[in-house]
Amino acid sequence: MKKRTWMTGALAAVIAAGGIYGISAVQADGSGASSASGRASVSSPSPSSGSSASEVSASVQSTSTATTGKKLIGMEQAEKKAKAEVKGVVDSIELKRWKGSQIYEVEIDQEKREMEVRIDAYSGKVLSVREDDDNDDWDDRVPANVIGAGKAATIAEKHVQGAVAVESDLDKDDGRWVYEVELRTSRGSAEVEVHAITGKVIDTDFDDDDDDWDDRDDRDDRDDRDDDGDDD
């Protein structure tokens with residue numbers, strides 16, 4: 001279970017600039033080449049350059065605007081491949097940049113340790129399996145019938161049409177298990193909270209200045225209040 005950083009520093013600044021930090025950059029291959037239309041690519045920071053952890057994670061969207069035809073396999077497929085390698089409870093999946101490639105980093109919690117599986121985000125190839133040094137023990141036992149971080153990401157992507165999930169994190173909020181799914185959209189970003197057992201969307205937050213989207217956020221909040229009595 002990760003501690004998450006939300007929209008700070010360089011990340012917020014790049015989104016405010018518009019255009020480049022978009023959904024096409026997440027879906028495109030991070031080759032660093034210019035697109036056929038001649039638009040310049042944006043170089044991504046690497047861990048060795050002294051960038052912060054949040055900047056490295058954000059660099060997934062700061063890749064070339066070129067489209068090579070490659071498509072992300074998605075978090076649901078990444079979870080299946082990771083669980084074929086390591087048994088346990090998947091507590092987070094993150095789309096990030098690693099050694100010049102876009103990968104899914106899947107963290108799997110076992111009883112006495114936490115494992116980390118890295119999977120190529122396009123080919124689905126398992127790149128590495130290792131024990132995670134930053135092991136966070138659960139305070140409570142995770143229910144056996146959770147839907148999975150990958151499934152939660154798929155639900156969130158359907159809820160926010162056209163978005164791409166970049167992180168799905170299992171957490172316990174107000175006594176109930178939920179997945180907090182962070183997404184990138186053509187307008188900015190969104191965070192969707194999904195019930196870990198029922199798969200119901202509990203809450204949606206849009207990080208965008210567009211008034212129409214703000215109205216949608218308000219409608220989601222009203223729906224959440226109407227459903228408060230039946231989502232546990």
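What's counted below: heavy atoms across the whole structure, side chains too, no hydrogens, waters or symmetry copies.
Taking Ala156 as the reference, Val181, Leu183, Val192 meet the side chain to side chain contact (heavy atoms under 4.5 Å, CB included) condition, with sequence neighbours excluded. Take Lys80 and apply the side chain to side chain contact (heavy atoms under 4.5 Å, CB included) test, not counting sequence neighbours, and it matches Gln77. Residues passing the side chain to side chain donor-acceptor pair (under 3.5 Å) test with Ser128, sequence neighbours excluded: none. Here Glu193 pairs with nothing under the salt bridge (charged side-chain N to carboxylate O under 4.0 Å, His left out) rule; sequence neighbours left out. With sequence neighbours left out, Leu127 forms a side chain to side chain contact (heavy atoms under 4.5 Å, CB included) with Trp98, Ile103, Arg118, Asp120, Lys125.
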For Gln110 and Met115, what are the C-alpha separation, side-chain angles and deciding distance, and is it a side chain to side chain contact (heavy atoms under 4.5 Å, CB included)? CA-CA 7 Å; Gln110 297 180 328; Met115 301 296 293; 3.7 Å; yes

- Would Val194 and Lys200 count as a side chain to side chain contact (heavy atoms under 4.5 Å, CB included) if you check the C-alpha gap in whole Å, the side-chain angles of each, and the deciding distance to 0.1 Å? CA-CA 6 Å; Val194 179; Lys200 179 181 178 181; over 6 Å; no

Exercise. Please assess Asp171 against Tyr179 for the test side chain to side chain contact (heavy atoms under 4.5 Å, CB included), listing each intermediate value before the final yes or no.
Key: CA-CA 6 Å; Asp171 200 1; Tyr179 290 99; over 6 Å; no

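For Ser123 against Ile73, the heavy-atom pair with the smallest separation is C-CG2, 4.4 Å. Pairing each heavy atom of Leu95 with each of Met75, the nearest pair is N-CE, 4.1 Å.
Ile197 is not connected to Val90 by any chain of hydrophobic side-chain contacts under 4.5 Å among Ile, Leu, Val, Met, Phe, Trp and Tyr, and they are in different clusters.
For the pair Arg184 and Glu182, the salt-bridge criterion is met [side-chain N within less than 4.0 Å of a carboxylate O].
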